[in-house]
Amino acid sequence: MNATAQHDDGPWADFQASAQPLRPMQTAQPGAARDDAGPWSDFQRPTQAPAAAVPATASAPGTLAAPAVPRPERGTLHELGRQVGLAARYGLEGTAQAAQLVTEPIRQNITDPAAKALGFKPGRPLSEAATQLANAVGLPQPETAQERVVGEASRLVAGAGLTMGSAGAVSALPGITGKVGTVLAAQPGQQAVSAAGAGLLGGAAKENGADPVLQAGAALVGGVGASMATDAAMRLGRGVLQPLMVKRAGKLDEQMARVLADVDVDWASVPEQVRNGMRAEVERALKTGGDLDGEALRRLIDFKRVGATPTRGTLTLDPVHVTRERNLAKIGANATDEGLQGLARVEHENNRRLIDALNVAGANTTDDAVAVGQRAIHSLQRGLDDEKTRVGELYNLARDSAGRSFPLDGSTFTRNANQALDDALLGHALPPSVATHMNRIARGEVPFTVDYAEQLKTAMGNLRRATQDGQTRLALDKVRAALDDTPVLGLGQQTFAPGARAVNPDNLPAVPGVADLGEDAIRAFNQARAANRAMMQRIERNPALKAIYHGEATPDNFVRKFIIGSSAPTADVARLSRELARDPETQQAVRGHIVAWLKERALGGAADETAKFSATRYRTGLGGIGDRKLRMFFSREEIDQLKAVGRVASYTQAQPVGSAVNNSNSGALMVGRGLDVLDALGAKVPFLGIGPQVTAITRGVQQKQALDTVPVLVKRARLAEKVPRLAPAMAYGGLVAAPGLDEGEDDQRP
């Protein structure tokens with residue numbers, strides 16, 4: 001090659017082989033500096049004379065030593081190629097050095113002794129072999145102190161990468177080995193920074209002539225210091241950026257709150273995890289221009305609550321979008337290409353999400369209606385039994401006193417009872433046995449005492465439970481109420497019946513006509529009677545308690561009759577809810593049964609795996625219960641979640657006026673099979689490309705347009721959509737609309 005010829009052969013174009021034959025590099029003479037540039041040292045610029053030896057100058061303490069030979073001038077492209085080569089050398093050598101943690105003990109203790117015993121030469125360290133390989137393939141060598149220091153750092157980083165990668169694989173192993181691997185693979189970024197700091201400071205110490213001990217110390221300080229500095233920088237960054245991010249999120253929240261208020265949605269009441277998922281999408285939407293669409297945002301919140309996947313059609317309820325998506329889903333489901341089945345699988349997954357949302361809310365309970373009814377009845381019965389026991393104890397205290405045979409005013413009782421029966425026209429409905437007792441009391445033929453009155457109450461209670469006649473029950477209730485209101489006669493007041501006199505066991509001075517048997521006895525009777533009256537009033541106001549008290553409650557329809565059913569008044573349900581709140585476990589069982597009942601309405605009793613969620617039946621059931629009843633058993637957030645399930649079901653199943661969904665599925669079947677045929681033809685006749693073209697278009701409509709919901713979160717001018725000519729048009733047969741432009745694009749048809 002001509003010594004004066006120039007060849008532009010890439011990054012090494014400025015260099016060419018010397019006209020002299022290649023020769024081993026000579027040892028530098030005293031006073032002369034050696035340009036140790038690795039395998040490239042035998043190449044030089046032919047147009048320049050060799051650089052004169054430049055004696056090294058003394059470096060100031062703590063600074064890197066100046067290179068003995070000035071660095072050759074290189075072009076940008078040449079320098080870039082050289083730096084890439086240096087990086088490759090550092091990576092190769094650093095990886096080998098890290099691997100020596102495993103290979104060196106094996107070499108020194110196993111392979112080298114075996115080689116010596118067999119008469120072979122011992123092996124070399126892996127790092128030495130890596131350096132020789134780098135030299136052999138012509139990778140450049142560092143020329144300056146700065147490059148050598150950077151090289152030390154790069155080798156340690158490369159070695160750390162190998163170590164962390166190996167540790168990550170080891171972490172999957174069981175026992176202590178896996179735990180050690182997990183520790184070594186933790187915080188990869190922090191480890192890389194620490195390795196770089198150790199390499200930089202250790203390399204700088206080496207360049208300044210430090211001994212190995214000082215080099216190791218400097219490397220340790222560099223590794224720890226770099227890690228600490230990184231932590232401090234990250235904390236500082238978080239401290240600076242977090243307020244800005246909070247302020248930015250606050251402004252976005254204010255904007256969303258204003259828009260959602262127009263569609264009756266309280267942004268502050270939306271769960272935080274839902275709001276976090278909304279913010280990023282809303283920011284992207286705002287970047288496209290336009291104002292936020294409150295209706296689309298409201299529907300997106302519902303999808304986020306349920307965990308379902310929205311589409312453009314389900315967020316906008318636009319008949320064109322809905323038609324495209326539903327028909328394309330049917331076509332994809334009828335085709336064999338899995339790439340076309342995206343929308344069909346989204347529909348299936350959304351149906352599953354609706355069912356899962358109800359299960360999470362409590363519908364997955366194992367208790368059926370009978371079991372829940374039994375728990376509720378037993379819980380309420382325990383409460384009634386406890387209260388009746390307390391009333392009985394109060395009466396026992398009164399009976400155990402001297403006033404246990406204290407007389408009641410029989411004439412007042414019979415007069416009031418007969419008046420109540422006459423007013424309600426129920427005299428004929430009173431059982432004869434009760435009428436007989438009333439007549440005997442009126443004539444004074446029996447000692448009408450507290451004991452007698454209690455026995456009469458027990459007898460009337462038995463009669464009431466034994467009959468199903470409504471008038472008979474009402475007549476007994478009238479007599480019972482009159483009996484409860486009958487006054488007690490004072491001390492010394494004689495009744496017509498023998499033995500019905502209020503006695504004075506302590507022979508205290510008596511005042512005729514005054515009930516001074518003793519203040520304690522009087523209070524005991526009054527307290528017992530008041531407690532009994534309060535219990536009975538509470539029972540009468542609560543149909544469920546009343547049914548339990550009279551033994552008429554049945555477990556199989558208890559919840560439906562007294563809570564869920566439309567015939568159950570809200571006020572009665574409220575009183576029953578307060579009773580059930582005394583037993584949290586029973587109340588939770590009732591809550592779960594309510595959601596399970598809604599799920600049964602939505603699925604029609606089918607199993608979760610095969611059921612299709614019915615939005616109509618679910619929302620009818622939810623509306624039948626009503627918000628007021630739901631609030632007695634569920635929190636506001638739980639009710640919002642139940643309602644969101646119904647709304648999402650409606651969004652995903654709605655067919656707005658103007659839509660043209662092919663519900664018969666016949667056309668979708670033909671088109672799906674047609675796509676399969678076109679794919680087959682396209683494979684056999686590659687130059688046609690018909691099958692792949694149709695497949696690509698359909699997949700684009702499904703995934704890019706239908707599932708990219710960000711553009712529909714903002715309002716835009718509704719311009720005419722362009723309908724591109726699809727090839728072949730006959731494949732769609734007019735069943736599926738062609739993919740249109742995003743809102744906002746101009747119609748460019750001629």
Side-chain angles (χ1 to χ4, degrees), residues 377 380-381 384-385 387-388 391-392 394-395 406-489 495-497 500 525-526 528-554 557-558 561-562 567-569 571-572 575-576 579:
I377 291 173
L380 296 171
Q381 184 67 63
L384 286 177
D385 291 343
E387 191 164 4
K388 286 193 292 186
V391 172
L394 292 174
Y395 272 115
F406 218 57
L408 301 177
D409 190 345
S411 61
T412 300
F413 161 63
T414 55
R415 183 174 62 253
N416 291 341
N418 286 323
Q419 184 65 44
L421 292 171
D422 291 341
D423 291 343
L425 301 178
L426 294 172
H428 68 283
L430 187 68
S433 59
V434 178
T436 299
H437 280 287
M438 290 177 60
N439 290 332
R440 296 180 67 188
I441 292 171
R443 292 192 296 266
E445 297 175 358
V446 294
F448 187 44
T449 62
V450 172
D451 287 337
Y452 187 93
E454 291 301 313
Q455 294 173 9
L456 182 57
K457 291 176 183 178
T458 301
M460 287 192 297
N462 293 333
L463 289 171
R464 194 186 190 288
R465 286 188 290 271
T467 183
Q468 298 296 324
D469 186 88
Q471 288 190 326
T472 299
R473 291 182 174 184
L474 185 56
L476 290 171
D477 291 342
K478 296 292 184 181
V479 175
R480 172 62 185 266
L483 187 58
D484 288 338
D485 294 334
T486 301
V488 179
L489 292 177
T495 64
F496 296 105
F525 276 112
N526 290 339
R529 289 163 60 82
N532 183 74
R533 185 182 299 108
M535 180 184 71
M536 295 308 301
Q537 289 175 349
R538 188 166 61 87
I539 292 173
E540 289 298 323
R541 288 196 302 266
N542 192 327
L545 283 180
K546 188 175 181 179
I548 294 172
Y549 181 80
H550 295 301
E552 300 167 355
T554 54
N557 67 346
F558 184 84
K561 179 178 180 180
F562 296 110
S567 60
D572 292 344
R575 284 188 282 267
L576 178 57
E579 295 288 341

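For clarity, every value in this text was computed on a predicted model and none was experimentally measured. These values consider heavy atoms only, across backbone and side chains, with no hydrogens, waters or symmetry-generated copies. Here, residue 1 is the first one in the sequence, and each next residue gets the next number.
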Self-check item: Contact summary for F562 and A547, nearest pair of heavy atoms
Solution: CZ-CB, 4.0 Å
Quiz prompt | Passing candidate, salt bridge (Lys or Arg N to Asp or Glu O under 4.0 Å) with E552, options K546, R473, K561 | solution = R473
Quiz item: Has the side chain of R575 got a donor or acceptor atom that lies under 3.5 Å from a matching backbone atom of R541?
Solution: yes
Quiz prompt | Nearest atoms (heavy-atom pairs only) where F413 meets T486 | solution = CB-OG1, 3.2 Å
Quiz item: To the nearest 0.5 Å, how far apart are NE2 in H428 and OG1 in T472?
Solution: 7.5 Å
Quiz prompt | Taking every non-hydrogen atom, the tightest pair across V391 and A528 | solution = CG1-O, 4.1 Å
Quiz item: For I548, which of I539, L380, N542 qualifies under side-chain contact (heavy atoms from CB on, under 4.5 Å)?
Solution: L380
Quiz item: Does any non-hydrogen side-chain atom of Y452 lie less than 4.5 Å from one of H437?
Solution: yes
Quiz prompt | Minimum side-chain heavy-atom gap M460-D477 below 4.5 Å | solution = no
Quiz prompt | Pairwise distance CG(L463) to OG1(T458) - rounded to 0.5 angstrom | solution = 11.0 Å
Quiz prompt | Non-hydrogen side-chain atoms of L384 and Y549 separated by less than 4.5 Å | solution = yes
Quiz item: Closest heavy-atom contact between L408 and A453?
Solution: CD1-CB, 3.5 Å
Quiz item: Below 4.5 Å, heavy atoms only, C-beta onward: do K388 and D385 meet side chain to side chain?
Solution: yes
Self-check item: R533/E540 salt bridge by N-O under 4.0 Å criterion
Solution: no
Quiz item: Between T436 and N439, do the side chains contain an N or O donor and an N or O acceptor separated by less than 3.5 Å?
Solution: no
Quiz item: Which pair of heavy atoms, one from I441 and one from G410, lies closest together, and at what distance?
Solution: CG2-CA, 3.7 Å
Quiz prompt | Distance (rounded to the nearest 0.5 Å) between L483 CG and L476 CG | solution = 12.0 Å
Quiz prompt | Reference residue N416; test side-chain contact (heavy atoms from CB on, under 4.5 Å); the match among T414, N418, T412 | solution = T412
Practice problem: Could you tell me the separation between the CZ atom of F448 and the CG atom of L456, rounded to the nearest 0.5 Å? | Solution: 7.0 Å
Practice problem: Could you check D409 against S411 for side-chain hydrogen bond (donor to acceptor under 3.5 Å, both in side chains), going step by step and ending with a plain yes or no? | Solution: CA-CA 6 Å; D409 190 345; S411 61; 2.9 Å; yes
Practice problem: Identify the heavy atoms of A553 and I377 that sit nearest to each other, and give their distance. | Solution: CB-CD1, 3.9 Å
Quiz item: Are N532 and K457 side-chain neighbours, meaning at least one heavy-atom pair lies under 4.5 Å?
Solution: yes
Quiz item: Do NZ/NE/NH1/NH2 and the carboxylate oxygens of K478 and D423 come within less than 4.0 Å?
Solution: no
